[in-house]
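Just so we're clear, the structure is a prediction, and the values are computed from it rather than from any experiment. Just so it is clear: chains get the letters A, B, ... in the order the sequence lines come, proteins before strands, and each one is counted from 1.
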2 protein chains.
Amino acid sequence: MPADSAPRRHTRDGVALAALAILDEWGLADLTMRRLATSLDVQPSALYWHFPNKQSLLADLADLIVARVRPVAVTDAAWPEPVRAEAAALRDALLAYRDGAELVASTLALGLGGEASVTRLADAIAGGGFDAATSRRAAVALLHFVLGQVGYEQQRLQFDSLGVVPAGSALDDTPPHEAFAFGVDLFVTGLGAPHLGTHNARPAPTGRGTDAAGRRPRA
Amino acid sequence: MPADSAPRRHTRDGVALAALAILDEWGLADLTMRRLATSLDVQPSALYWHFPNKQSLLADLADLIVARVRPVAVTDAAWPEPVRAEAAALRDALLAYRDGAELVASTLALGLGGEASVTRLADAIAGGGFDAATSRRAAVALLHFVLGQVGYEQQRLQFDSLGVVPAGSALDDTPPHEAFAFGVDLFVTGLGAPHLGTHNARPAPTGRGTDAAGRRPRA
DNA sequence: ACCTGAACACCGTTCAAGT
DNA sequence: ACCTGAACACCGTTCAAGT
């Protein structure tokens, strides 16, 4: 190995990894450019050579977190099992980093990162025979629930560890993992029901490629 | 009227209202204690006589916003119509103030404000014949979706108005109001379906007060 | 009861300049 | 290519002191 390699100090990826470490140890509120600079033994201004601003750094972190979603085994398990599995895998990935849900939610809204999460959910949903548009719409709705639930969960975790949660202040005493499964179930059950997308049950239109739920006939 | 009333300068409520005005005009990120102080012609430190910290001020704002949820007319409309109506009323109340959803979501997690929103949803759901625990669990799940969807919607609104939304960066091109209705439908349809709360459809247990969905028999 | 003045310990970002 | 040094325009919060 070359003992006198180039005096290259930091890379964009290295900075992102250091940021991820701070996120996990201190949380999003304490992930500051100045603290990150200190952890890299560098002046704050140095970071702006690697990233144009803090927001784009956070977008990279969101992508990293979502990219780590565990691959869901392709089994022959009947729909909607794969949807539940994808949702659970996404939850786990968000829980793997402190404030993961809040971070992903904020960058998703800016259209900067975390996009992969929707795609995965949509693909799993499409396995139920829904058309692309319906699958995506449902995936976005499910994603909002997932981010909301896990974000709430993570906020509570942090205040718990600070010992400052007012007693009885929880929205519900159902254990987080069960509350999550319950919500996902509501979604997939709703998707599976016949008269979706209409406010009143109506017979599905005939002679078209999809019924009122955007469901394609099984091949 | 007494011309020489006491030299009382500001009240807690007055400060909260001024904060609400700043929230609406500038958004949550620009609602700073210093800016609020300036708008009241007061030093920043003066605010700390009315509120122990910024967080408790924000909690008051969340309560104000949620308290303004339009009363949903008690009609004889069949369930789940009242649930849809409550969800829509909550969305409107959140949309009435810039960043309303984000504000309510953050204070809800701390157990500091916005609690009324869950109760209203739970009551509407209970109208479908579910027991209190099930109704609340479902309300919390629905609330997470509502806050997520509206929060996303409001973030997009702001970046739109700044003209800085990357083209094609939307999660979905469904109009917000329709995406919202779609998500709520998924929920209430799921709730209405028979085999809720179990991962596999099973015959409802017999001889008990509720079925597997926590549903009580109609009186 | 309500506020001022001054301070403390922070932020994100820019930009000329160095190596 | 990568970073320093210095500055700009901010934050939330505390606390003694004023009226």
Side-chain angles (χ1 to χ4, degrees), chain A residues 2 4-20 22-23 25-62 99 102-103 106-107 110 112-113 158-159 162 164, chain B residues 2 4-20 22-23 25-62 99 102-103 106-107 110 112-113 158-159 162 164:
Chain A
D4 55 345
S5 54
R8 175 166 235 265
R9 308 254 228 127
H10 287 113
T11 62
R12 185 180 165 110
D13 285 357
V15 172
L17 288 181
L20 216 43
I22 292 181
L23 175 69
E25 189 169 7
W26 303 97
L28 193 53
D30 288 332
L31 172 50
T32 68
M33 298 299 268
R34 288 168 183 273
R35 188 184 282 249
L36 175 57
T38 301
S39 89
L40 290 167
D41 262 312
V42 123
Q43 295 296 314
S45 49
L47 301 176
Y48 290 85
W49 192 90
H50 299 282
F51 294 92
N53 49 50
K54 187 179 181 177
Q55 199 51 250
S56 61
L57 167 63
L58 295 182
D60 269 26
L61 301 192
D99 294 322
E102 192 186 341
L103 175 59
S106 73
T107 65
L110 312 224
L112 291 178
Q158 234 160 314
F159 297 121
L162 290 171
V164 291
Chain B
D4 53 345
S5 53
R8 172 166 238 266
R9 308 253 225 124
H10 286 113
T11 63
R12 185 181 165 107
D13 285 357
V15 172
L17 288 180
L20 216 43
I22 292 180
L23 175 69
E25 189 169 7
W26 302 97
L28 193 53
D30 288 332
L31 172 49
T32 68
M33 298 300 266
R34 287 166 184 272
R35 188 185 282 247
L36 175 56
T38 300
S39 89
L40 291 168
D41 262 311
V42 123
Q43 296 294 316
S45 50
L47 301 176
Y48 291 84
W49 193 89
H50 299 283
F51 294 90
N53 50 50
K54 186 180 181 179
Q55 199 51 251
S56 61
L57 167 63
L58 296 182
D60 269 26
L61 301 192
D99 293 323
E102 192 186 340
L103 175 58
S106 73
T107 65
L110 311 226
L112 290 179
Q158 235 162 311
F159 297 121
L162 291 171
V164 292

- Which nucleotide sits closest to the side chain of B:A46: D:dA7, C:dC3, D:dC2? C:dC3
- Spacing of B:W26 atom CH2 relative to D:dC11 atom P, expressed in whole Å: 12 Å
- Message: What is the distance, to the nearest angstrom, from the CG atom on B:L31 to the P atom on D:dC11?
- Response: 11 Å
- Task: Taking A:D60 for its side chain and A:A16 for its backbone only, find out whether a donor-acceptor pair lies under 3.5 Å.
- Result: no
- Distance, rounded to the nearest Å, where B:F51 contributes CZ and C:dC2 contributes P: 13 Å
- Smallest heavy-atom separation, A:S106 atom then A:L103 atom, equals OG-O, 3.0 Å
- Message: Using every non-hydrogen atom in the two residues, find where A:A18 and A:S39 come nearest and quote the distance to one decimal.
- Response: CB-OG, 4.3 Å
- Note on the structure: Ranking D:dG5, C:dG12, D:dT13 by distance to the side chain of A:Q43, first place goes to D:dG5
- Message: Quick check for you: among D:dT13, C:dT13, D:dG12, whose closest atom lies nearest to any side-chain atom of A:K54?
- Response: C:dT13
- In whole angstrom, what separates A:R35's CZ from C:dA9's P? 15 Å
- Query: For B:L47 and C:dT4, what is the distance between atoms CG and P respectively, to the nearest whole Å?
  - Reply: 10 Å
- Task: Would you give the length of the straight line joining atom CD of B:Q43 to atom OG1 of B:T38, rounded to the nearest 0.5 angstrom?
- Result: 8.5 Å
- Starting at CG of B:N53 and ending at P of D:dC15, how long is that distance when rounded to a whole Å? 14 Å
- Per the side chain to side chain contact (heavy atoms under 4.5 Å, CB included) rule, which among A:L23, A:L47, A:V42 passes with A:L36? A:L47
- Task: For the side chain of B:R34, starting at C-beta, report the closest nucleotide among C:dC11, D:dC3, D:dC11.
- Result: D:dC11
- Query: Between A:R12 (CZ) and D:dA1 (P), how many Å, whole number?
  - Reply: 16 Å
- Note on the structure: All heavy atoms of B:T107 vs all of B:A62, minimum pair found to be OG1-CB, 3.1 Å
- Task: Quote, to the nearest angstrom, the P distance that separates C:dA9 from D:dC10.
- Result: 22 Å
- Item | Phosphate OP1/OP2 of D:dC3: any A:H50 side-chain N/O under 4.0 Å | yes
- Query: Under the 3.5 Å rule, do the base of D:dG5 and the side chain of A:S45 count as making a donor-acceptor pair?
  - Reply: yes
- Message: Taking the P atom in each of D:dA17 and C:dC2, what is the distance between them to the nearest angstrom?
- Response: 22 Å
- Note on the structure: The reported gap from OH in A:Y48 to CE in A:M33 (rounded to nearest 0.5 angstrom) is 4.0 Å
- Item | Which nucleotide in C:dG5, C:dG12, D:dC3 has an atom nearest any side-chain atom of A:W49 | D:dC3
- Item | Dot-bracket summary - DNA chain D, pairs being Watson-Crick or G-U whose distances fall under 3.5 Å, with | when paired to another strand | ||.|||||...|||||.||
- Could you tell me which non-hydrogen atom of A:K54 sits nearest to which non-hydrogen atom of A:T32, and how far apart they are? NZ-CA, 4.1 Å
- Task: Mind calculating the distance between CZ (A:R9) and C1' (D:dC3) to the nearest angstrom?
- Result: 6 Å
- Report yes if at least one side-chain N or O of A:H10 is closer than 4.0 Å to OP1 or OP2 of D:dC2; otherwise report no. no
- Message: Return whichever of B:D41 or A:Y48 has its heavy-atom-nearest nucleotide of DNA chain C closer to the 5' end.
- Response: B:D41
